[in-house]
Amino acid sequence: MPKKEIAYDTETTGLLLHTRDSMFSYSTCDPQGKTDVRRLDGNYLRVRESSKHLDNLFSSHSYAFVMHNAKFDLTATEKFLGKKIAEDCTIHDTAIQAHMFMNLHPNRRLKALGWELAGIDMDDEAAVKKATRGGDYSTAPEGIMDEYQERDVIRTMVLHRLFYPRIKANPKFREIYQMEMDLIPVTMRMEERGFMLHRGRCHKLVEWLQAEAVKARRELEDIAGWKVNPDSANQVRRLLFVELKLPIIKTTKTGMPSTQKNEVLLELRERTKHPAIETILKFRSFSRGASTIKSYLDLADADGLLHPDINTCAAKTGRESCSRPNLENVSKSAVLLNPYPIPARKIFIPRPGHVLFFIDYAGIEMRLLIYYSREQRLIDLLNVGGNPHELAAEIFFGDKYRSASARRKKVLYGASKNANFAIPYGASAEKVAEALGIPGDEGRKRLEYYRRELPGLVSLTPKISARVKSEGFVETAFGRILKVPRNKAYIGTNYLIQGTAAGILKRAQPRVHRYLEKATGGDARILLPIHDEIIIEYPRSMLKDAKEVLCGVREVMIDFEQFDIPLDVDVEMGTFDWEHKETFKIGD
DNA sequence: AAACACGGCGCG
DNA sequence: AAAGCGCGCCGTGTTT
């Protein structure tokens with residue numbers, strides 16, 4: 001039986017649904033534009049009446065719910081009703097619909113789209129903001145909220161009627177949209193489960209970092225002779241480039257001398273050895289680390305669990321993002337070029353009785369570059385398990401590479417790998433030479449030879465760029481259209497690779513979720529996706545089966561018929577925390 | 001007090 | 001003309 005489409009929107013006291021906030025009202029709108037606003041607060045009779053209505057709405061299974069950011073409304077509703085609903089209800093998401101046609105749009109908020117696409121005035125939001133004055137929306141006068149909520153469901157229904165027919169009309173779009181809808185309940189279970197913090201370790205680390213930051217700041221003040229704030233780029237500029245007269249290495253987009261770490265401070269440290277540089281590097285790293293970890297503590301629930309907001313359709317390329325907190329950028333203990341790394345991954349631990357598994361796609365970026373380049377020699381190489389960077393090293397350095405010592409080989413291999421990534425993205429001969437660590441004219445020759453050997457990779461960006469200039473978009477292997485700014489056509493290569501990798505991981509997640517459900521009864525669960533990897537929490541009691549289970553996970557992750565290159569994953573296990581990983585062999 | 005732009009920085 | 005791109009979050013400093 002066809003379901004009746006109904007727009008649905010919830011109002012909550014804030015954004016942290018798994019810790020402090022909750023839903024206090026909701027609204028609906030039918031296809032004829034008839035709206036209904038109901039409060040879940042106030043007197044007992046009203047609460048009882050609305051709760052019953054809400055429960056019936058989701059129990060009847062006769063509606064298709066149209067939402068803008070469905071994951072949020074579904075989470076709020078599940079929390080309120082105290083039961084799972086996401087898996088069995090039919091949903092639409094106008095934020096995801098909008099992304100499919102407007103991936104470059106800077107602000108896909110409901111209000112903005114309603115105004116731009118349907119001329120619906122945004123004054124209702126201003127009225128609510130004014131009425132609440134810093135408090136949450138449950139404190140606004142109900143009359144003002146009624147108007148606001150009515151308009152929001154109308155906006156949602158209008159957007160749906162605008163976008164959805166265009167999706168329905170195109171089989172590829174239908175598949176992509178369905179994939180996005182399938183990802184929503186799976187993502188909800190990750191957010192709900194949460195990632196556990198070791199709070200004792202957090203406190204210790206914060207204390208140490210704060211003390212170190214204070215020390216570094218004092219050292220800097222002694223060197224400078226005034227109270228320079230190392231967090232102020234302006235003050236650091238004055239110290240380094242006016243008072244100490246150090247050379248300006250690069251400028252910011254507004255033309256000011258830059259003081260950033262990788263390209264400026266580390267270079268200045270190398271060149272001048274000035275002690276001020278060291279204290280700035282220390283202070284910035286330690287103080288940033290302290291406030292980041294404090295924010296983790298602040299966001300954790302009573303059990304020490306972090307429940308991030310995983311936005312499944314955030315980036316212009318179709319990638320996901322993560323916030324409150326962002327668990328995609330938790331710093332590692334050691335990273336090339338970082339003299340003062342913060343070991344933040346040590347404070348993330350598996351739940352008691354569990355271990356972590358990290359499953360990441362092996363070399364997916366290079367594999368996709370090769371796939372899109374149509375360079376048959378490299379496609380064949382991947383299919384026999386060869387290493388494209390090894391081949392690149394032989395092309396660049398020939399016998400000099402083959403007969404080098406193991407130590408020297410490593411250096412040449414690393415350089416070749418860098419150049420091998422630079423070239424398909426359109427690097428100039430100068431940049432290739434720089435990557436290889438050889439003079440410019442020599443680089444030109446090597447690149448010429450590389451072009452004769454592997455023309456596909458060299459012409460990849462020029463080809464994509466020409467296409468972007470004429471069409472304004474790239475199309476991934478899954479048929480997703482990604483608009484690319486025409487005045488920066490060369491970034492099309494990046495959009496294509498990043499967007500395709502995102503499509504792979506997004507399709508993998510529901511498969512892995514279902515597989516783990518079947519194989520472990522849901523005892524092993526996905527905690528988080530991070531662009532080309534997923535983190536799984538796995539019960540120790542089932543470790544004897546882990547090899548087999550992870551083989552199954554691998555199978556479903558690499559099963560994509562649209563590619564004529566093979567995909568593969570690397571598996572690591574963390575018994576202690578997110579930092580300490582060891583290779584986990586699943587092969588025979 | 002709140003909103004914004006900017007520079008800076010972590011990850012993939 | 002070009003080794004690239006994508007995020008979220010922090011603190012500073014200014015504007016409203």
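Within every chain, numbering begins at 1; the chains are lettered A, B, ... in the order of the sequence lines, protein sequences first and strands thereafter.
Taking for each of A:Ala435 and A:Asn311 the nucleotide of DNA chain C with the nearest heavy atom, the 5'-most of the two is the partner of A:Ala435. Nearest-nucleotide positions on DNA chain C for A:Ala429 and A:Asn326 put A:Ala429 closer to the 5' end.
Both the sub-6.0 Å distance and the 45° axial angle are satisfied by A:Arg507 relative to the ring of A:Phe478.
The nucleotide whose nearest atom lies closest to any side-chain atom of A:Lys253 is, among B:dG12, B:dC6, B:dG8, B:dC6. Distance from the side chain of A:Ser331 is smallest for B:dG10 among the nucleotides B:dG10, C:dG11, C:dG6. Here the side chain of A:Ser295 is nearest to one of C:dC10, B:dC11, C:dT12, namely C:dC10. Minimum atom distance to the side chain of A:Thr317 is reached by C:dG6, of the listed C:dG6, B:dG8, B:dC11. With C:dT12, B:dG12, C:dA3 as the choices, the nucleotide that has an atom nearest any side-chain atom of A:Asp231 turns out to be C:dT12. The side chain of A:Arg237 approaches B:dG8 more closely than any other nucleotide in the set C:dG4, B:dG10, B:dG8. In the set C:dG13, C:dA3, B:dC9, B:dC9 carries the atom at the smallest distance from any side-chain atom of A:Arg288.
Among the heavy atoms of the strands lying under 4.0 Å from A:Thr259 are primed sugar atoms or P, OP1, OP2 only; no base atom is included. Among the heavy atoms of the strands lying under 4.0 Å from A:Asn229 are primed sugar atoms or P, OP1, OP2 only; no base atom is included. Contacts of A:Thr461 with the nucleic acid, taken as non-hydrogen atoms under 4.0 Å apart, are absent. Residue contacts shown for A:Gln260 are limited to sugar-phosphate atoms, with no base heavy atom under 4.0 Å away. Note on A:Ala427: only backbone sugar-phosphate atoms sit closer than 4.0 angstrom, heavy atoms only; bases stay farther off. Residue contacts shown for A:Val432 are absent, as no nucleic acid heavy atom lies under 4.0 Å away.
A salt bridge links A:Glu448 with A:Arg451: the distance from a Lys NZ or Arg NE/NH1/NH2 to an Asp or Glu carboxylate oxygen falls below 4.0 Å. Salt-bridge check for A:Lys215 with A:Glu212: passed, with a basic side-chain N closer than 4.0 Å to an acidic carboxylate O. Of the charged side-chain nitrogens involved, at least one lies within less than 4.0 Å of a carboxylate oxygen, so that A:Arg480 and A:Glu180 count as a salt-bridged pair.
Of the side-chain N and O atoms in A:Lys332, one or more sit less than 4.0 angstrom from OP1 or OP2 of B:dG12. For A:Lys129, no side-chain nitrogen or oxygen approaches OP1 or OP2 of B:dA2 to under 4.0 Å. The shortest distance between the side-chain N/O atoms of A:Thr252 and the OP1/OP2 oxygens of B:dG8 is not below 4.0 Å. Listed pair A:Arg284 / B:dC9 meets the phosphate criterion, a side-chain N or O lying under 4.0 Å from OP1 or OP2. Contact between the side-chain N/O atoms of A:Ser321 and the OP1/OP2 oxygens of C:dG8 is found at a separation under 4.0 Å. In terms of phosphate contacts, A:Ser323 brings no side-chain nitrogen or oxygen within less than 4.0 Å of OP1 or OP2 of C:dC7. Residue A:Asn262 has no polar side-chain atom (N or O) positioned under 4.0 Å from OP1 or OP2 of B:dC9. Regarding contacts with the backbone of C:dA3, a side-chain N or O of A:Ser428 is found under 4.0 angstrom from either OP1 or OP2. Phosphate contact (OP1/OP2 of C:dC9, side-chain N/O of A:Thr292, threshold under 4.0 Å): absent. Listed pair A:Tyr495 / C:dG6 meets the phosphate criterion, a side-chain N or O lying under 4.0 Å from OP1 or OP2. Contact between the side-chain N/O atoms of A:Gln235 and the OP1/OP2 oxygens of C:dG13 is found at a separation under 4.0 Å. Residue A:Lys261 has no polar side-chain atom (N or O) positioned under 4.0 Å from OP1 or OP2 of B:dC9.
C:dG4 makes up no base pair with any nucleotide shown, lacking Watson-Crick or G-U wobble contacts both under 3.5 Å.
When each of A:Glu125, A:Glu11, A:Lys111 is paired with A:Tyr148, the side chain to side chain donor-acceptor pair (under 3.5 Å) condition holds for A:Lys111 and for no other.
A 4.5 Å side-chain heavy-atom check between A:Thr19 and A:Leu299 finds every atom pair outside the cut-off. Residues A:Met190 and A:Pro529 have side chains in contact (heavy-atom distance under 4.5 Å, counting atoms from C-beta outward).
Rounded to a whole Å, the CE atom of A:Met256 is 15 Å from the C1' atom of B:dG8. Rounded to whole angstrom, the span from the CD atom of A:Gln210 across to the C1' atom of C:dC10 amounts to 14 Å. For the pair A:Tyr425 OH and B:dG12 P, the interatomic distance rounds to 15 Å; values are reported in whole Å.
In the interface, the side chain of A:Glu328 is not paired with the base of C:dC7 through any donor and acceptor atom under 3.5 Å apart.
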